[in-house]
Amino acid sequence: MRVLGIETSCDESAVAVYDGERGLLAHLLHSQVALHAPYGGVVPELASRDHIRKLLPLVQQVLQAADSAGSIDGVAYTAGPGLVGALLVGATLAQSLALAWDVPCVGVHHLEGHLLAPWLEPQAPAFPVLALLVSGGHTLLVAVESVGRYRVLGESIDDAAGEAFDKVAKLLGLPYPGGPALAALAESGAPDRFRFPRPMLDRPGLDFSFSGLKTAVLYAARDAGADPNEQDRADLARGFEEAVVSVLTEKCRRALGQTGMRRLVVAGGVGANRRLRGALSEMGAGMNVEVHYPRPAFCTDNGAMIALAGYHRLRAGEIGATPVRARWPIDTLQPPGRRFG
Ligand code: KG4
Ligand code: ZN
């Protein structure tokens, strides 16, 4: 079965073709970073309009690259969570194509896509796994029994990890999107000049909190003077990154201990962070736990993960013009099955 996947939940127009036998055939992405950069963040209305402009040409290109025009067996689109206007563009195009091609169509949960991204790689893990999902909108620890069987063990009670990266980047004067820029600045920073709090580590449980950490960086930046120099900013960035990485790593260690799971998958944009990957790999090696990551391009939003998640659901006979939605708790999902969503 060959599936076209369409992702438009935020500021990337992304499409891909996944084949059940041959794997990923092609994937393409148009980033709206330059469009939103002058505003310091994503402007939802501009995002929707740009998806409208870019999506159809991208689909044509990906079908050509995958040599799949006329041989698509199903279409999957991101139905949520995300920006509703942006989601509508992808959902409408997906449903129109499915109607025109007379093939089934299914709406996919964006985070299920992220969570399954490690299965796009050659060394895909076996189930069950513990998943750390760290994106711009979510920070979740999920026990994954199999595709569609998700139990949330912990989540952020305020900002998501990626959101914290973006906000701290902004207060350090870095351009949007902040996460990668902050990580790059932190490379030249001292790890121990600023020791920021490790939120929620002193409490039991697997929830996270990042908004206090952001405030701690704000105060430290003020204390560094009205005009912190490049080294001050790099040291602040590094101190912040160390704190986030150590909280995420420690909570993963606890969750692995509590569940007895032997495999960890890391997904979502913050999963592209080099220091986080280093710390988790080191922890995994010490605990005899396999750690799996998607390649960095499949940590951030992409069409391949939506095509893969859609493949699992369409293959099981699931069809559904799922309405788009801004919020959608992942643990309300059911395993793929023959039903109309
Ligand atoms: O998964 P994603 O592409 O979109 C959402 O579904 O939210 O994640 C985007 C988030 C942004 O907050 C971005 O700043 C962060 O991932 N991010 C990073 C890095 N690359 C992307 N954060 C830290 N280090 C990185 N290298
Ligand atoms: Zn995402």
Side-chain angles (χ1 to χ4, degrees), residues 5-14 16 27 29-33 36-37 40-42 44 47 77-83 86-87 90 108-118 131-140 155-156 159-172 174-187 189 208 210-211 213-214 217 237-238 240-249 265-280 293-306 308-309 326-328 330:
I6 298 182
E7 154 65 32
T8 60
S9 67
C10 190
D11 59 347
E12 326 272 8
S13 310
H27 64 101
L29 179 146
H30 170 76
S31 167
Q32 300 180 355
V33 160
H36 300 291
V42 178
Y77 62 93
T78 306
L83 302 171
L87 290 165
V108 165
H109 194 293
H110 181 75
L111 295 181
E112 176 169 75
H114 273 304
L115 204 148
L116 296 178
L132 173 68
L133 248 167
V134 271
S135 71
H138 299 85
T139 304
L140 292 170
E155 60 191 313
S156 178
D159 292 350
E163 192 179 357
F165 264 94
D166 294 339
K167 287 179 176 170
V168 168
K170 206 168 190 173
L171 74 86
L172 292 178
L174 294 170
Y176 161 86
L182 188 140
L185 178 64
E187 285 303 302
F208 304 90
F210 292 107
S211 76
L213 178 56
K214 171 194 67 196
V217 180
R238 183 66 191 274
F240 165 78
E241 187 179 51
E242 289 285 322
V244 175
V245 167
S246 86
V247 170
L248 293 174
T249 307
V265 304
V266 184
V270 182
N273 185 276
R274 207 175 61 81
R275 286 195 188 277
L276 176 64
R277 291 165 91 106
L280 290 172
Y293 317 90
R295 70 195 81 166
F298 292 165
C299 282
T300 46
D301 291 348
N302 65 86
M305 66 186 196
I306 301 305
L308 175 63
R327 295 180 184 283
W328 189 2
I330 192 170

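What you see is a predicted model; the values in this text were computed from it and never measured. Every number for a ligand or one of its atoms is a count from 1 in the order of the listing. Every heavy atom of this structure was used, including side-chain atoms; hydrogens, water molecules and symmetry mates were not.
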Asker: Could you tell me how the ring of W328 sits relative to the ring of H109: parallel (under 30°), tilted (30 to 60°) or perpendicular (over 60°)?
Answerer: tilted
Asker: Which atoms of ligand 1 are found less than 4.0 Å from any heavy atom of G137?
Answerer: 7 (O)
Asker: Is any side-chain heavy atom of L248 less than 4.5 Å from a side-chain heavy atom of V266?
Answerer: no
Asker: Which residue from S9, P177, G136, G271 reaches closest to atom 10 (C) of ligand 1 through any of its heavy atoms?
Answerer: G136
Asker: Any idea which of S31, G269, A161 brings a heavy atom closest to atom 20 (N) of ligand 1?
Answerer: G269
Asker: Which protein non-hydrogen atom lies closest to atom 3 (O) of ligand 1, naming both residue and atom, and how far is it?
Answerer: D301 N, 3.0 Å
Asker: Return the residue, atom name and 0.1 Å-rounded distance of the protein heavy atom closest to atom 6 (O) of ligand 1.
Answerer: H110 NE2, 3.1 Å
Asker: Under 3.5 Å, is there a donor-acceptor pair between the side chain of T8 and the main chain of A86?
Answerer: yes
Asker: Only N/O/S atoms count here: what is the atom of D301 closest to the Zn ion (ligand 2) called?
Answerer: OD1
Asker: Taking all heavy atoms of T139 and all of A160, pick out the closest pair and write down the distance.
Answerer: OG1-CA, 3.3 Å
Asker: Is there a donor-acceptor pair closer than 3.5 Å between any side-chain N or O of Y293 and the backbone N or O of R277?
Answerer: yes
Asker: Numbering the atoms of ligand 1 from 1, which are under 4.0 Å from a heavy atom of G162?
Answerer: 12 (O)
Asker: Classify the angle between the aromatic ring planes of H110 and H114 as parallel (below 30°), tilted (30 to 60°) or perpendicular (above 60°).
Answerer: perpendicular
Asker: Verify whether the ring centers belonging to F240 and F165 lie closer than 6.0 Å.
Answerer: yes
Asker: Tell me which part of H138 gets within contact of ligand 1: side chain, backbone, both or neither, using heavy atoms under 4.0 Å.
Answerer: neither
Asker: Between the Zn ion (ligand 2) and H114, is there an N, O or S atom separated by less than 2.8 Å?
Answerer: yes
Asker: At less than 4.0 angstrom from any non-hydrogen atom of H114, what atoms of ligand 1 do you find?
Answerer: 1 (O), 6 (O)
Asker: Under a 3.5 Å distance rule, please check whether R327 uses its side chain to pair with a backbone N or O of P81 as donor and acceptor.
Answerer: no
Asker: Using a 3.5 Å cut-off on N or O atoms only, is F165 in polar contact with ligand 1?
Answerer: no
Asker: Do Q32 side-chain atoms and A47 backbone N/O form a donor-acceptor pair below 3.5 Å?
Answerer: yes
Asker: Counting backbone and side-chain atoms alike, does H110 have an N/O/S atom under 2.8 Å from the Zn ion (ligand 2)?
Answerer: yes
Asker: Measure the shortest side-chain to side-chain distance between H27 and M305 over non-hydrogen atoms and say whether it is less than 4.5 angstrom.
Answerer: no
Asker: Does only the side chain of E12 get under 4.0 Å from ligand 1, or the backbone, or both, or neither? Count heavy atoms.
Answerer: neither
Asker: For ligand 1, is any non-hydrogen atom under 4.0 Å from D166's backbone (N, CA, C, O), its side chain (CB onward), both, or neither?
Answerer: side chain
Asker: How far does CZ of R275 sit from OG of S246, to the nearest 0.5 angstrom?
Answerer: 13.0 Å
Asker: Heavy atom to atom 25 (C) of ligand 1, shortest distance: which of T78, N273, V134, T300 holds it?
Answerer: N273
Asker: So which protein heavy atom does atom 22 (N) of ligand 1 come closest to, and at what separation?
Answerer: G179 CA, 3.7 Å
Asker: Is the shortest distance from a heavy atom of P180 to ligand 1 less than 4.0 Å?
Answerer: yes
